Amino acid sequence: MVFSSDSSEPKKVLVVEDERIIAINICSTLKQFGYQTEYVSDGESAIQKVDSDTFDLVLMDIMLGGGIDGIEVAKIVKKKQEIPVVYLTAYSDEATLD
């Protein structure tokens, strides 16, 4: 997926993933395709990052460590800025998918 744009600046993607090696892997892959990336490992940091910076897309792990899950973080992010959020998860159980 490559965003089309009139701007020559790379699109910025925020990766919210509590597994460091997975976050690094996702960011590395996105950088190979020309995206600018940042990652955080918890919901609170994601909210702070969205408050302090502008992103074109958020890749959000559903099951984050800590007090707030990715779905709740995405709701807060969407209220603050109109940023598309794509959920990531290793879980395929029906409760998670709902």
Side-chain angles (χ1 to χ4, degrees):
M1 158 193 354
V2 177
F3 298 110
S4 62
S5 173
D6 296 333
S7 172
S8 62
E9 286 191 34
K11 297 296 182 179
K12 288 181 70 175
V13 179
L14 176 62
V15 177
V16 185
E17 169 62 62
D18 60 340
E19 295 287 336
R20 181 177 166 87
I21 192 72
I22 293 171
I24 291 170
N25 189 312
I26 292 169
C27 288
S28 175
T29 301
L30 288 170
K31 286 178 184 177
Q32 290 176 0
F33 285 100
Y35 296 103
Q36 183 179 359
T37 64
E38 292 188 41
Y39 79 89
V40 294
S41 61
D42 60 81
E44 291 81 12
S45 296
I47 294 164
Q48 290 174 357
K49 188 60 82 171
V50 166
D51 283 342
S52 67
D53 208 343
T54 302
F55 295 93
D56 298 293
L57 178 70
V58 177
L59 296 179
M60 179 78 65
D61 185 12
I62 291 176
M63 301 294 190
L64 296 171
I68 184 169
D69 68 23
I71 295 170
E72 289 302 315
V73 174
K75 289 177 186 177
I76 294 167
V77 165
K78 294 293 271 182
K79 287 180 183 177
K80 292 177 175 285
Q81 293 189 35
E82 198 54 38
I83 306 171
V85 176
V86 175
Y87 292 114
L88 306 174
T89 186
Y91 297 91
S92 62
D93 60 282
E94 199 163 323
T96 300
L97 296 177
D98 282 343

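Computed from a predicted structure; not experimentally measured.
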Peer 1: Got K80 and I47 here, is their nearest side-chain heavy-atom distance under 4.5 Å?
Peer 2: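 Result yes, sub-4.5 Å side-chain heavy-atom pair found.
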
Peer 1: Determine whether a donor-acceptor pair (N or O, by modelled atom type, separation under 3.5 Å) exists between the side chain of E19 and the backbone of I21.
Peer 2: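 Not confirmed, E19 side chain does not pair with I21 backbone.
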
Peer 1: Heavy-atom distance under 4.5 Å between the side chains of L88 and I26, does that happen here?
Peer 2: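 Answer yes - side chains close enough.
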
Peer 1: Can you find a heavy atom in the side chain of I76 that is under 4.5 Å from one in the side chain of K79?
Peer 2: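 The answer is no, as the side chains (C-beta and beyond) never meet within the 4.5 Å cut-off.
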
Peer 1: Is any side-chain heavy atom of K11 closer than 4.5 Å to a side-chain heavy atom of L57?
Peer 2: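 Not touching, per the 4.5 Å side-chain cut-off.
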
Peer 1: Any sub-3.5 Å donor-acceptor pair from S45's side-chain atoms to S41's backbone N or O?
Peer 2: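 Checking the backbone N and O of S41 against the side chain of S45, no donor-acceptor pair under 3.5 Å is found.
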
Peer 1: Whether the side chain of D61 engages the backbone of L64 through a donor-acceptor N/O pair (distance < 3.5 Å, no angle test) should be reported.
Peer 2: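 Absent.
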
Peer 1: Of all the heavy-atom pairs spanning V73 and G43, show the shortest one and how long it is.
Peer 2: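 Closest pair (atom of V73, atom of G43, distance): CG2-CA, 3.3 Å.
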
Peer 1: Do the non-hydrogen side-chain atoms of V86 and L59 ever get within less than 4.5 Å of each other?
Peer 2: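 When only atoms from C-beta onward are counted, L59 and V86 do touch, with a gap below 4.5 Å.
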
Peer 1: Looking only at heavy atoms, which two atoms of V85 and A74 are closest? And how far apart?
Peer 2: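 Distance-wise, the nearest heavy atoms are CG1-CB, 3.9 Å.
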
Peer 1: For F55 versus V13, what's the shortest heavy-atom pair and its separation?
Peer 2: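 Between these two residues, the closest heavy atoms are CD2-C, 3.9 Å.
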
Peer 1: On a heavy-atom basis, which atom in V15 and which in C27 lie closest, and how many Å separate them?
Peer 2: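 The answer is CG2-SG, 3.8 Å.
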
Peer 1: Okay, side chain of T29, backbone of N25: is any donor-acceptor separation there less than 3.5 Å?
Peer 2: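 Present.
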
Peer 1: Going by the rule salt bridge (charged side-chain N to carboxylate O under 4.0 Å, His left out), which residues pair with E38 if we only count those two or more places apart in sequence or in a different chain?
Peer 2: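 Partners of E38 by the salt bridge (charged side-chain N to carboxylate O under 4.0 Å, His left out) criterion, ordered by chain and then number, come out as K12, K49.
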
Peer 1: Would you sort out whether I71 and I62 count as a side chain to side chain contact (heavy atoms under 4.5 Å, CB included), showing the intermediate values?
Peer 2: CA-CA 6 Å; I71 295 170; I62 291 176; 4.0 Å; yes

Peer 1: In Å and rounded to the nearest 0.5 Å, what is the CD to CG distance from Q48 to D53?
Peer 2: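 Going from CD on Q48 over to CG on D53, the span is 13.0 Å.
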
Peer 1: Looking only at non-hydrogen atoms, find the nearest pair between Y87 and G70 and report the distance.
Peer 2: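 So the minimum-distance heavy-atom pair works out to CE2-O, 4.0 Å.
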
Peer 1: Return the minimal non-hydrogen interatomic distance between P10 and G34, and the atom names on each side.
Peer 2: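 Of all heavy-atom pairs spanning P10 and G34, the closest is CB-O, 3.1 Å.
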
